[in-house]
Structure formats: structure tokens, C-alpha cells
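Along the sequence shown, residues carry numbers from 1.
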Amino acid sequence: MKRFIALVIAAFALAGCSNFVTDFGIPTLRFHPVSFGPAAGGYQVSFEVQPIPGSPSAYVTRIYINGTPSQLSGFGVAECLPPTTADACPKLAQTLTFAANPGTLEITGYQAQSLNGTVRDVTLPAPVLINP
């Protein structure tokens with residue numbers, strides 16, 4: 001009986017440790033450059049955000065461009081169920097507007113918030129050029 005009580009106490013202690021919490025619900029995203037150039041409101045850079053198959057729904061709070069947070073406000077990412085092909089997942093168009101040509105822009109990562117409220121920064125394995 002003493003051993004059982006010790007196991008129950010240990011289980012509750014471990015359950016309270018944040019080291020044993022797993023992030024579920026953070027999407028894995030791909031970025032695709034679409035267009036860039038002068039526009040009526042300044043210089044516009046457009047790109048698409050696409051989840052990979054198996055990614056859950058979530059909210060992207062920031063996109064890191066050249067290592068710093070971008071001008072984008074957050075946006076939702078729809079779930080993409082696994083049996084689909086990689087290109088069948090929904091694409092979200094995003095546009096950044098600058099006063100003048102900002103030069104080379106690289107997407108280096110993003111910050112996502114899962115539906116349960118977990119927030120995590122994700123660093124891309126290689127930067128994605130969206131304004132070469």
C-alpha cells in the first residue's frame with residue numbers, strides 16, 4: 001500500500017512538470033513566393049502559406065522575415081488531413097506592403113498558437129526567399 005501511495009504521489013508530481021507536456025496542434029507550414037514589385041500603395045510582396053498533409057488547424061501569430069517579426073497580422077490555418085497530396089492542402093495568400101523595395105526578404109520561421117493555446121516558435125530548415 002505504501003508503494004502504491006508513493007507511485008500516485010510521483011505521478012501527480014510528474015504531471016505538474018512542464019517538461020512532460022507535449023505540443024499537439026502546431027502546424028507545419030510551407031511558404032511559396034508569388035509576386036513582388038511596385039504597386040499603387042508602395043512596394044508589395046505576395047506569398048502563399050500552405051500546411052503540409054497531417055497538419056492541424058491553428059493560428060499563426062507571426063512570420064519571421066530576416067529574423068524579425070513581420071508586419072502581418074495573425075491568420076488561421078486550416079487542417080489538412082493526411083491522405084491528401086502535398087499540393088492539395090489549402091493555400092493562404094499573404095501580402096506585405098512597403099514604402100520602397102525592401103531588398104531581399106527571407107522567411108526564416110513563424111510563431112503558431114494551437115487551438116489549446118500552446119504557442120511555439122518554429123524555425124524553418126532553410127530560409128524561403130520571397131523578394132530575391
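- Contacts of Ala93 classified as side chain to side chain contact (heavy atoms under 4.5 Å, CB included), with partners at least two apart in sequence or in another chain: none.
- In terms of modelled atom types and a separation under 3.5 Å, the side chain of Asn66 and the main chain of Leu105 share no donor-acceptor contact.
- The shortest heavy-atom contact between Ala112 and Ile26 is O-CD1, 3.8 Å.
- Judged as a side-chain hydrogen bond (donor to acceptor under 3.5 Å, both in side chains), and not counting sequence neighbours, Thr28 has no contacts.
- Rounding to the nearest 0.5 Å gives a distance of 12.5 Å between OG1 of Thr61 and CZ of Arg120.
- With hydrogens and angles disregarded, a donor-acceptor distance shorter than 3.5 Å links the side chain of Ser57 to the backbone of Glu79.
- Residues meeting the side-chain hydrogen bond (donor to acceptor under 3.5 Å, both in side chains) test with Ser55, sequence neighbours left out: none.
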Taking only distance into account, with no hydrogens and no angle test, what donor-acceptor pairs under 3.5 Å do side-chain atoms of residues 33-43 form with protein atoms, sequence neighbours excluded?
{"unit_1": "Tyr43", "atom_1": "OH", "unit_2": "Asn131", "atom_2": "OD1", "d": "3.0"}

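- Between Phe31 and Ile130, the closest side-chain pair of non-hydrogen atoms is not below 4.5 Å.
- Remark: the backbone N or O of Gly109 is not paired with any side-chain donor or acceptor of Thr123 at under 3.5 angstrom.
- For Ala58, the side chain to side chain contact (heavy atoms under 4.5 Å, CB included) criterion is met by Pro27, not counting sequence neighbours.
- Here the OH-CZ distance, from Tyr59 to Phe75, works out to 9.0 Å after rounding to the nearest 0.5 Å.
- Looking at Gln44, its side chain never comes within 3.5 Å of a backbone N or O of Thr95 through a donor-acceptor pair.
- Taking every heavy atom of both residues into account, Pro51 and Pro90 meet most closely at CD-O, 3.2 Å.
- Sorted by first then second residue, the salt bridge (Lys or Arg N to Asp or Glu O under 4.0 Å) pairs that include residues 81-90, not counting sequence neighbours, are Asp87-Lys91.
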Inset, instruction - Walk me through it: do Val128 and Phe47 pass the test side chain to side chain contact (heavy atoms under 4.5 Å, CB included)? - result: CA-CA 10 Å; Val128 177; Phe47 60 96; over 6 Å; no
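- When each of Val49, Ile63, Leu124 is tested with Leu29 by the rule side chain to side chain contact (heavy atoms under 4.5 Å, CB included), just one qualifies, namely Val49.
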